Asks: 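Have a look at this one before I ask anything.
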Amino acid sequence: MASASPSAASTQPTLPSGLAVFKTIPYAFILPEILCGIWVWILVAATSVSLPLLQGWVMYVSLSSCLISLLLLISYLFGFHKNSENWKVLDSLYHGATAILYMSAAVLQANATIRSELGPHSPLYYQLNTAASFFAFITTLLYILHAFSIYYH
């Protein structure tokens, strides 16, 4: 009976804290998610936002997910998770839901990019919208990779 307890504790993977967050593969995606999301937000804000309904959703998703991911990164850095199994479930659900939201935002941003090609300031805003679409899809991929890598570990 005494041998069952240590083996159960040893099978539970430890969650990283401190700088080990940047070296552990599922959690190392958090910083690139934040940086790419900031690029989406900056690039959409730099355009004329001719389609506020479409690009407003992109701005909302990118800004809110950047802030929540930043809070999650700070929580990991300071070790607020205390190696709880519930923390992994929360992290996986958050990144899965955010991947879905970011996919919808990336598709809407691509639609806004196509529509901005015909606008009055087409060369500049088209390039900014294209870059925003690119970073939106990259950020979506990062959130998907994070969610699946936590799920499979």
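In what follows, every heavy atom counts, from backbone to side chain, and hydrogens, waters and symmetry copies are set aside. Remember, predicted model here, so these are calculated numbers, not experimental data.
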Asks: Group every Ile, Leu, Val, Met, Phe, Trp and Tyr by side-chain heavy-atom contacts under 4.5 Å, then state whether F137 and L108 land in the same group.
Replies: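 Different clusters.
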
Asks: Would L73 end up clustered with F78 when hydrophobic side chains under 4.5 Å apart are linked, directly or stepwise?
Replies: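 Cluster IDs for L73 and F78 match.
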
Asks: When hydrophobic residues are tied together by side-chain contacts of less than 4.5 Å, even through go-betweens, does M103 share a cluster with L141?
Replies: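 Looking at the clustering, L141 is in a separate group from M103.
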
Asks: Could you give the distance from CD1 (I68) to CD1 (I34), rounded to the nearest 0.5 Å?
Replies: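 Answer rounded to 0.5 Å: 11.0 Å.
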
Asks: Do you know which two heavy atoms are closest between L43 and A132, and how far apart they sit?
Replies: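 Closest approach of L43 to A132, heavy atoms only: CD1-N, 3.6 Å.
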
Asks: In the structure I gave you, are the side-chain heavy atoms of I138 and F134 within less than 4.5 Å of one another anywhere?
Replies: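 They are in contact (side-chain heavy atoms under 4.5 Å apart), so the answer is yes.
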
Asks: Test your reading of the model: is there a side-chain donor-acceptor pair from H95 to the backbone of D91, 3.5 Å cut-off?
Replies: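 Side chain of H95 to backbone of D91: a pair is present.
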
Asks: Which pair of heavy atoms, one from K88 and one from Y27, lies closest together, and at what distance?
Replies: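 The pair with the smallest heavy-atom distance is CG-OH, 4.0 Å.
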
Asks: Taking all non-hydrogen atoms of both residues into account, name the closest pair between S149 and F29 and its distance.
Replies: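 Reported closest heavy-atom pair: OG-CE1, 4.3 Å.
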
Asks: Only one of I38, V40, V44 clears side-chain contact (heavy atoms from CB on, under 4.5 Å) with I42; which?
Replies: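 The option that passes is I38.
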
Asks: If every non-hydrogen atom of S62 is compared with every non-hydrogen atom of W41, which pair is closest and at what distance?
Replies: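 Where S62 meets W41 most closely, the heavy atoms are OG-CB, 3.7 Å.
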
Asks: Any sub-3.5 Å donor-acceptor pair from S92's side-chain atoms to V89's backbone N or O?
Replies: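 No, because the side chain of S92 does not come within donor-acceptor range (under 3.5 Å) of the backbone of V89.
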
Asks: Angle between ring planes, Y76 versus W87, binned at 30° and 60°: parallel, tilted or perpendicular?
Replies: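 The arrangement is perpendicular - the two ring planes meet at more than 60°.
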
Asks: Quick one, V107 and N111 - any side-chain contact, counting heavy atoms below 4.5 Å?
Replies: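 Result no, sub-4.5 Å side-chain heavy-atom pair not found.
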
Asks: Which heavy-atom pair separates L142 from C36 by the least distance, and what is that distance?
Replies: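 Nearest pair, atom of L142 first, then C36: CD1-SG, 4.1 Å.
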
Asks: Using modelled atom types and a 3.5 Å cut-off, is there a donor and acceptor pairing between side-chain atoms of T140 and backbone atoms of Y102?
Replies: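 Yes; at least one donor-acceptor contact below 3.5 Å.
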
Asks: May I ask you to decide if the ring planes of Y94 and Y143 are parallel, tilted or perpendicular, using 30° and 60° as cut-offs?
Replies: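 Judged by the thresholds at 30° and 60°, the geometry between Y94 and Y143 is perpendicular.
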
Asks: T113 and S133: side-chain donor and acceptor closer than 3.5 Å?
Replies: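 Side-chain D/A pair, T113 to S133: present.
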
Asks: With rounding to the nearest 0.5 Å, note down the distance linking CG in L72 to OG1 in T98.
Replies: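 OG1 of T98 is found 9.5 Å from CG of L72.
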
Asks: Hydrophobic clusters here meaning ILVMFWY residues chained together by side-chain heavy-atom distances under 4.5 Å, can you tell me if L54 and I114 are in one?
Replies: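 Different hydrophobic clusters.
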
Asks: Would you say the side-chain atoms of S69 pair up with the backbone N or O of C66, donor to acceptor, closer than 3.5 Å?
Replies: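 Side chain of S69 to backbone of C66: no pair is present.
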
Asks: Supply the atom-to-atom distance T139 OG1 to E33 CD, rounded to the nearest 0.5 angstrom.
Replies: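 Atom-to-atom, T139:OG1 and E33:CD are 8.0 Å apart.
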
Asks: Given side chains that start at C-beta, do those of L35 and L31 come closer than 4.5 Å, heavy atoms only?
Replies: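 Heavy-atom side-chain distance check passes, below 4.5 Å.
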
Asks: In terms of hydrophobic clustering (I, L, V, M, F, W, Y; side-chain heavy atoms under 4.5 Å; direct or indirect links), are I30 and L93 co-clustered?
Replies: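 I30 and L93: separate clusters.
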
Asks: Dump the intermediate steps for side chain to side chain contact (heavy atoms under 4.5 Å, CB included) on L101 and S65, then the final yes or no.
Replies: CA-CA 9 Å; L101 294 175; S65 64; over 6 Å; no

